[in-house]
Every structure is written in C-alpha cells, then in structure tokens.
Amino acid sequence: MLNEKKRNNRGDLHVVHLESDCLRVTLLPEVGCKIASILHKPNQFEALARPIGFETAKEETKLYARAYPGAPFDQFDLSGIDDCIPTIDPCSVENLGRFADHGDAWSRPWNVFEEDRSACSVKAYFRLSSIPLYFERHVRLDGNTIFLDYRLLNESIDEHPWLWALHGLCRYERDAVLSWPEPYALLNAHGSESFAFDMRNLSEVPEKQAYKFYLTDPVPTGEASILYPSQNMRFTLQWDETQFPFLGGWINTGGSAGSRCIALEPTNGFYDRLDRAIANNKVGRIAPGAEIFWQVRLTIAEA
C-alpha cells in the first residue's frame, strides 16, 4: 500500500488518494504529480499502465523514483498519466535554449496547494524551468469521470511558444480497440513507411514493437477512446479541439523498455518537438502576462 513517511529517492512518497463511489485515483505530487492509478471500483478495473514489476512488488512506492531535471524519460517508471510541456521529444530552440525529454513537468515535484478529499479534489502547480510559465492542474472526480482543469500563466514580459500533450499511458490488452474521429490518415512519427496493419485494433499490432503516430489533420471533434472487450470497459478522453486540434498515439507492445501500454495524446503542437511545431506554425503561443485555461475529461465506464 502506498504510504507517507520519510523522504528518499525511491519509496515513501507523498501520496494523494481521491475517491468517489465509482473511482479511486492515486496521485504522486513528488513525481510530476503523476496520476499513478485510476481504479474503477465496481469491477476493480485499472485503467492505467502500471510500472514494470507492479504485480509482485512488496512496496509499491519503490517502483517510482524522483527524477532530476533533464532526465531521460524511458529510464523511469513508464506508467500513469503525466503532462508533457513545453515539448515531448528533446530539442533546441533559438533564443530559448535546450528542452528536456518529455518536457519539464514529469521530472519535477509539484506543490499541492489545495486538497479536499470530501470534494474529491486536489490542485497542484509547478513552474517550468525552461520557459517562465506557471502550470497548474486541478484534478476532481464526479461519478465515473475525472476532470482535469488546467491553467497556464506567462509570468514574463515576452510572448512564448509552448506545446502541451496529455501523456496518458493506459492499460494494454491484446484485444483493445481504439477509436478517434474519422475520416483520418496516420503519420508515422518514427519513420517514413506507412503502417501495414490497422492501428486501431491491437490484435493486429505486431508484438515487441513500439509505434508513435499522429492523425495528419486537425480533429473535427475532441474525443477518442479505448475499448477493452474482455473487461467490458471503455476509457474515453474528451477535450476542446479548438485549443488542442491534434491527436497523437503511442502503442508499445513490449518494444520500448519492455513495457506495454496504449496512449492517446491530445496536443496543440504538431508534432512531438517544440522546434518542429514552431517551424510548422502548429504550436501554442502565450502573450506576456496572459492566462490560458483548458479541460480534459476522462471517463471510465462499462462498455
């Protein structure tokens, strides 16, 4: 069981549990405020990918380590929901400098400034080290839906480009089925070849591989889902497509660090790297002193 004790690099982490009649959600503020678990209580369905070794671990917190700024993402737990900001892949931007792998959020401790377990709600924030931006996320539960309310504040006198993506590593099942807005075409983010199988049907995706892709065009509506037929469950994401018009995906069948997961990633940048998104003119920009707000809804329900 996760617990709260003395601080060290692994284990004994500050843990926040939120619980409704339908859901039990676990957050780790010291590990990028990661959403580590979403459990659908009526049938004990875990919606998120868990760290390698989770099934046999005697102390769950020792599977998570406090990362350091600039750390390589794939050397850590590869699980749960993180926020990627201001980039996904590492890159350099002229006049701004070098940006770390998967951005700043996942490798920083966040500050919890409001926690109300009776209202199934917690607010936390951190400040980016790469760009002078304040980033806040309010997690709250209502029935079988998790609301993620975001606030981004530019604390400088300059306009800044920014890329955000929801980096949600979800449960992998061989019979899972993905859905997203149609019509669509897929871009292979890791090569020029097209996919010789239907990426939506996990049963067709080769084993011990890892695939990153994007829908080539802006989505007409901000909704995508993962159906788990053998568990009779569906995980649905909803967001504002006018703010985040692009959708990426990541399917890992054991080819990357031995983990298995599925991710559907709404984003405002196309694609993966802040420098590339700037060059493509498909990136967010925030004016001096401006604030931007958005919401993502995650619903776990029987199919």
Heavy atoms, side chains only, cut-off 4.5 Å: are H102 and S107 in contact?
no

Listed partners of K212 passing side chain to side chain donor-acceptor pair (under 3.5 Å), at least two apart
D272

With sequence neighbours left out, what residues match A287 under side chain to side chain contact (heavy atoms under 4.5 Å, CB included)?
A290

Whether R137 side chain and D83 backbone form a donor-acceptor pair below 3.5 Å
no

Single-linkage hydrophobic cluster, 4.5 Å side-chain cutoff, V177 and M233 together:
no

Could you please spell out the steps behind the salt bridge (charged side-chain N to carboxylate O under 4.0 Å, His left out) verdict for K123 and E136?
CA-CA 7 Å; K123 293 182 180 180; E136 178 182 307; 5.2 Å; no

Just by distance, no angles: are the side chains of D158 and S156 close enough, under 3.5 Å, to form a donor-acceptor pair?
no

Pair R276 + D89: basic N to acidic O under 4.0 Å:
no

The residue among V122, L13, V112, V15 that forms side chain to side chain contact (heavy atoms under 4.5 Å, CB included) with P29 is V112

Under a single-linkage rule joining Ile, Leu, Val, Met, Phe, Trp and Tyr whose side-chain heavy atoms are separated by less than 4.5 Å, which residues share a cluster with W250?
L169

Are F246 and Y184 connected in a single hydrophobic cluster, I mean Ile/Leu/Val/Met/Phe/Trp/Tyr linked by side-chain heavy atoms less than 4.5 Å apart?
yes

Judged by atom type as modelled, is there a donor-acceptor pair below 3.5 Å linking the side chain of E204 to the main-chain atoms of D198?
yes

Remaining members of the apolar cluster that contains L153, side-chain heavy atoms under 4.5 Å
F113, Y125, Y134

Salt bridge R117-E19, side-chain N to carboxylate O under 4.0 Å
no

Does L152 reach the side chain of W164, with side-chain heavy atoms less than 4.5 Å apart?
no

Using atom types as modelled and distance alone, determine if a side-chain donor or acceptor of E241 lies under 3.5 Å from a backbone N or O of E223.
no

R297 (side chain) donor-acceptor with T145 (main chain) under 3.5 angstrom
no

With the side chain counted from C-beta on, respond yes when P109 and H14 share a heavy-atom pair under 4.5 Å apart, and no when they do not.
no

Sorted by first residue and then second, give each ring pair (Phe, Tyr, Trp, His ring centres under 6.0 Å) pair with at least one member in residues 22-56; sequence neighbours left out.
F45-Y228

Go through the steps for S129 and R108 under the test side-chain contact (heavy atoms from CB on, under 4.5 Å), then give the verdict.
CA-CA 10 Å; S129 57; R108 306 295 197 280; 2.2 Å; yes

So, using ring-ring contact (aromatic ring centres under 6.0 Å, His included) as the criterion, who are the partners of Y271 when residues are at least two apart?
Y214

For the residue pair E46 and L39, establish whether any side-chain heavy-atom pair is separated by less than 4.5 Å.
yes

Report yes if the side chains of I35 and L148 come closer than 4.5 Å at any heavy-atom pair, otherwise no.
yes

With sequence neighbours left out, the residues meeting side chain to side chain contact (heavy atoms under 4.5 Å, CB included) with Q209 are P206, Y211, T253

Please name all residues satisfying side chain to side chain contact (heavy atoms under 4.5 Å, CB included) with E207, sequence neighbours left out, ordered by chain then number.
Y172, R174, R260

With side chains defined as the heavy atoms from C-beta onward, is the minimum distance between L133 and D104 less than 4.5 Å?
no

Side chain to side chain contact (heavy atoms under 4.5 Å, CB included) partners for S225, two or more places apart
S179, R234, T236

Pairing residues for W106 by the ring-ring contact (aromatic ring centres under 6.0 Å, His included) criterion, not counting sequence neighbours:
F73, F76

Between F135 and L96, is there a shared hydrophobic cluster once you connect ILVMFWY residues whose side-chain heavy atoms come closer than 4.5 Å?
yes

I'd like to check I251 versus L178 (side-chain heavy atoms, cut-off strictly below 4.5 Å). Are they in contact?
yes

Indicate yes or no: at least one non-hydrogen side-chain atom of I131 is less than 4.5 angstrom from one of F99.
yes

Please check if the side chain of R50 supplies one atom and the backbone of A36 the other of a donor-acceptor pair under 3.5 Å.
yes

Check the orientation of Y150 and W294. Use parallel for under 30°, tilted for 30 to 60°, and perpendicular for over 60°.
parallel

Treating N188 as the side-chain partner and E193 as the backbone partner, does any N or O pair qualify as donor plus acceptor under 3.5 Å?
yes

Consider only side-chain heavy atoms of I, L, V, M, F, W and Y, link residues closer than 4.5 Å, and tell whether I292 and I85 are in one cluster.
yes

Is it true that a side-chain atom of E173 and a backbone atom of D175 form a donor plus acceptor pair closer than 3.5 Å?
no

Is a side-chain donor or acceptor of T216 paired with a backbone partner of L186 at a separation under 3.5 angstrom?
no

Does anything in residues 278-287 form a side chain to side chain donor-acceptor pair (under 3.5 Å)? List the pairs, not counting sequence neighbours.
none

Answer yes or no: is there a donor N or O on one side and an acceptor on the other, between the side chain of N201 and the main chain of S203, under 3.5 Å?
no

Counting distance only, does the side-chain N/O of W239 pair as donor-acceptor with the main-chain N or O of T267 below 3.5 Å?
no

For F213, check ring-ring contact (aromatic ring centres under 6.0 Å, His included) against everything at least two apart and list the hits.
W180

Among the clusters formed by ILVMFWY side chains lying less than 4.5 Å apart, do L298 and L227 turn up in the same one?
no

